[in-house]
K.L.:
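Have a look at this one.
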Amino acid sequence: MLFIKELRKICFSFVYVLFLGLLLFSWHNSFYGVTEKEISAARGEESSVYTEIAGGSVLKKPQKNAGSYGSRKKEVPEKIMCGGTDILIIEYLKNSYATYPFNYYKEVVLSEEEQSKILSIIEEITGLTEEEINHLPDDYFPAVNGNIIHFENSDVQYEDGSFTFEGEDNNAPEDTDDDTKHFISQVSYERFKELMSEAESIIGAGSNYSMDMLTEYYGQVEMTYDEALEEYNKTINDDKVSGAFARLFCDYMTRALGLYPVFIAAAFWLKDRHSRMHELINSRQMKTAKLVLARFSAILTAVMIPVVLLSFESLIPLLRYSADTGIAIDVFAFIKYILWWLLPVASIVTALGTFLTILTSTPLAVLVQFVWWFVDSAVTGLTGDTKWDTLMIRHNLLSGSEIIRQNLIVIWLNRGLLMLMSVLLLWLSVIVYEKKRGGKLEYEYTMQRHWRILKNRFPACLQK
């Protein structure tokens with residue numbers, strides 16, 4: 001009865017309505033309509049949002065002799081050296097280096113001494129002098145080089161608002177004319193990686209010169225028919241179709257669940273104090289563990305129910321797709337992924353919010369969780385970057401089920417650790433709240449006094 005009472009109180013609160021609004025906004029902006037579009041793209045009715053990645057819908061079986069089957073990542077030294085050197089020269093000549101610390105753009109302008117070090121790196125890679133680097137021929141690099149387009153190198157023709165490139169497009173062209181030079185690395189691939197690491201240390205973290213970024217931008221090769229067919233078979237047979245969409249759904253929803261539940265936890269534990277409900281609670285013969293666990297369970301249930309309901313927006317079209325095509329899908333894929341992917345995240349965030357709010361009687365939990373969420377978002381890659389301490393697993397692809405399987409042991413350790421931490425935080429919450437109910441924690445008033453001082457001084461600091 002206590003659980004039902006707490007759940008009802010949460011679901012009819014303003015903070016929960018705000019949570020639902022933020023959750024729906026995140027879901028609608030990122031995942032809404034993806035499944036319908038993929039199914040329509042498989043029928044040839046519209047373009048897939050993943051066309052450039054998969055060469056068409058992941059649900060469409062590739063046909064032989066097709067013009068393109070999309071691209072895949074592959075570490076090709078010649079391409080990576082060509083692309084990395086190209087972007088380094090571009091940024092050196094402008095003395096404007098793009099970096100993305102914590103996933104936010106920042107321009108870096110180097111000193112004269114630092115520019116000289118970058119020049120030495122370029123000279124070693126290319127074998128050119130400073131004068132030659134400042135006056136490179138237009139076709140020194142390919143016209144289309146990874147994510148770089150040299151318009152002056154190519155014959156650009158516009159067709160229906162888009163552009164196409166005429167002429168030869170080689171990633172590592174060879175000398176065809178004695179008067180024309182093209183890029184040929186003068187160092188080995190191992191030495192190139194050392195030099196890129198040196199450039200990154202000069203420019204700063206989040207630049208274009210980590211091997212992850214270089215591989216992302218320039219490590220793309222065209223897929224063959226056999227490779228495309230293998231990816232399709234993985235989606236149909238290994239993922240049972242719905243597994244691919246369940247992963248992408250969880251990838252987007254994990255960012256919301258990595259932050260928003262802490263607001264509910266903090267709000268409801270603070271609400272007791274502001275409404276003086278703690279005095280009534282303390283006077284009743286109610287077990288502390290029962291109260292803490294009932295409220296934690298109610299918050300977690302209120303958080304997860306809308307997530308499960310939102311998954312039906314993808315599951316129902318997939319059920320229709322299965323009925324139309326006869327391709328079997330895993331009906332329980334979404335609930336399985338939600339339970340092991342998202343539930344541990346919501347659990348640790350709620351438990352942390354519960355513990356810190358009970359401990360300090362302040363909204364400190366919101367600040368702590370925001371910092372954790374922000375740092376984890378910045379250091380975790382979009383795909384296949386799971387570590388034992390990762391809060392939010394990312395897999396921003398419909399394909400790539402093998403990446404999850406390869407990291408499965410680390411993922412299970414990571415999810416298990418989050419659940420263990422949740423239990424530990426709840427246990428500590430019970431201990432602290434029990435002592436508070438008995439009046440044994442005098443420091444609470446000191447914490448509240450410091451919080452009020454900080455809160456009052458913060459606006460003054462902003463005005464200055």
K.L.:
Measure the acute angle between the ring planes of Phe192 and Tyr189, then classify it against the limits of 30° and 60° as parallel, tilted or perpendicular.
P.N.:
parallel
K.L.:
Please lay out, stage by stage, how Val349 and Gln369 fare under the test side-chain contact (heavy atoms from CB on, under 4.5 Å).
P.N.:
CA-CA 7 Å; Val349 173; Gln369 185 57 44; 3.6 Å; yes
K.L.:
Any salt bridge between Lys117 and Glu114, counting N to O under 4.0 Å?
P.N.:
no
K.L.:
What about the rings of Tyr252 and Trp27, do their centers lie closer together than 6.0 Å?
P.N.:
no
K.L.:
What residues form a side-chain contact (heavy atoms from CB on, under 4.5 Å) with Phe12, not counting sequence neighbours?
P.N.:
Arg8
K.L.:
Could you please spell out the steps behind the side chain to side chain donor-acceptor pair (under 3.5 Å) verdict for Thr215 and Glu75?
P.N.:
CA-CA 6 Å; Thr215 304; Glu75 191 172 343; 4.8 Å; no
K.L.:
Which of these passes side chain to side chain donor-acceptor pair (under 3.5 Å) with Arg255: Ser377, Ser26, Ser30?
P.N.:
Ser377
K.L.:
Does any donor atom in the side chain of Asn208 or Glu200 lie under 3.5 Å from an acceptor atom in the other side chain?
P.N.:
no
K.L.:
Going through the distances and angles, do Phe249 and Val307 end up as a side-chain contact (heavy atoms from CB on, under 4.5 Å)?
P.N.:
CA-CA 10 Å; Phe249 173 78; Val307 175; 4.0 Å; yes
K.L.:
What pairs of residues pass the salt bridge (charged side-chain N to carboxylate O under 4.0 Å, His left out) test when at least one of them lies in residues 419-433, not counting sequence neighbours?
P.N.:
none
K.L.:
Decide yes or no for Leu425 and Thr354: does some side-chain heavy atom of the first lie under 4.5 Å from some side-chain heavy atom of the second?
P.N.:
no
K.L.:
Quick check for you: to the nearest 0.5 Å, what is the distance between Leu356 atom CG and Ser361 atom OG?
P.N.:
11.5 Å
K.L.:
According to side-chain contact (heavy atoms from CB on, under 4.5 Å), who are the partners of Glu216, at least two apart in sequence or on a separate chain?
P.N.:
Lys73
K.L.:
Name every donor-acceptor pair, under 3.5 Å, that has one atom in a side chain of residues 404-413 and the other anywhere in the protein, sequence neighbours excluded.
P.N.:
residue, atom, partner, partner atom, Å
Arg405, NH1, Ser401, OG, 3.2
Asn407, ND2, Ile403, O, 3.2

K.L.:
Whether the side chain of Thr85 engages the backbone of Met81 through a donor-acceptor N/O pair (distance < 3.5 Å, no angle test) should be reported.
P.N.:
yes
K.L.:
Closer than 3.5 angstrom, by distance alone: can the side chain of Arg295 be matched with the main-chain N or O of Phe3 as a donor-acceptor pair?
P.N.:
no
K.L.:
For the residue pair Ile327 and Ile236, establish whether any side-chain heavy-atom pair is separated by less than 4.5 Å.
P.N.:
yes
K.L.:
With the threshold set at 4.0 Å, does a side-chain nitrogen-carboxylate oxygen contact exist between Glu36 and Arg320?
P.N.:
yes
K.L.:
Show every salt bridge (charged side-chain N to carboxylate O under 4.0 Å, His left out) that has at least one partner inside residues 388-402, sequence neighbours left out.
P.N.:
Lys234-Glu402, Asp251-Arg394
K.L.:
Using distance only, find each side-chain donor-acceptor pair of residues 336-344 under 3.5 Å and give its atom names and separation, not counting sequence neighbours.
P.N.:
residue, atom, partner, partner atom, Å
Lys336, NZ, Asp330, OD2, 2.8
Tyr337, OH, Arg247, NH1, 3.4
Trp341, NE1, Ile393, O, 3.3

K.L.:
Any donor-acceptor pair under 3.5 Å linking the side chain of Asn233 with the backbone of Leu229?
P.N.:
yes
K.L.:
For Phe355 and Leu426, run side-chain contact (heavy atoms from CB on, under 4.5 Å): C-alpha distance rounded to whole Å, both residues' side-chain angles, the deciding distance at 0.1 Å, then the answer.
P.N.:
CA-CA 7 Å; Phe355 172 67; Leu426 286 177; over 6 Å; no
K.L.:
Within the distance-only criterion (no hydrogens, no angle test), does the side chain of Ser201 pair as donor or acceptor with the backbone N or O of Glu198 below 3.5 angstrom?
P.N.:
yes
K.L.:
For Ala302, is there any backbone N or O sitting under 3.5 Å from a side-chain donor or acceptor partner on Tyr16?
P.N.:
yes
K.L.:
Might you work through the side chain to side chain donor-acceptor pair (under 3.5 Å) test for Tyr321 and Glu38, ending with a clear yes or no?
P.N.:
CA-CA 11 Å; Tyr321 168 81; Glu38 284 298 313; over 6 Å; no
K.L.:
Indicate yes or no: at least one non-hydrogen side-chain atom of Val108 is less than 4.5 angstrom from one of Ser207.
P.N.:
no
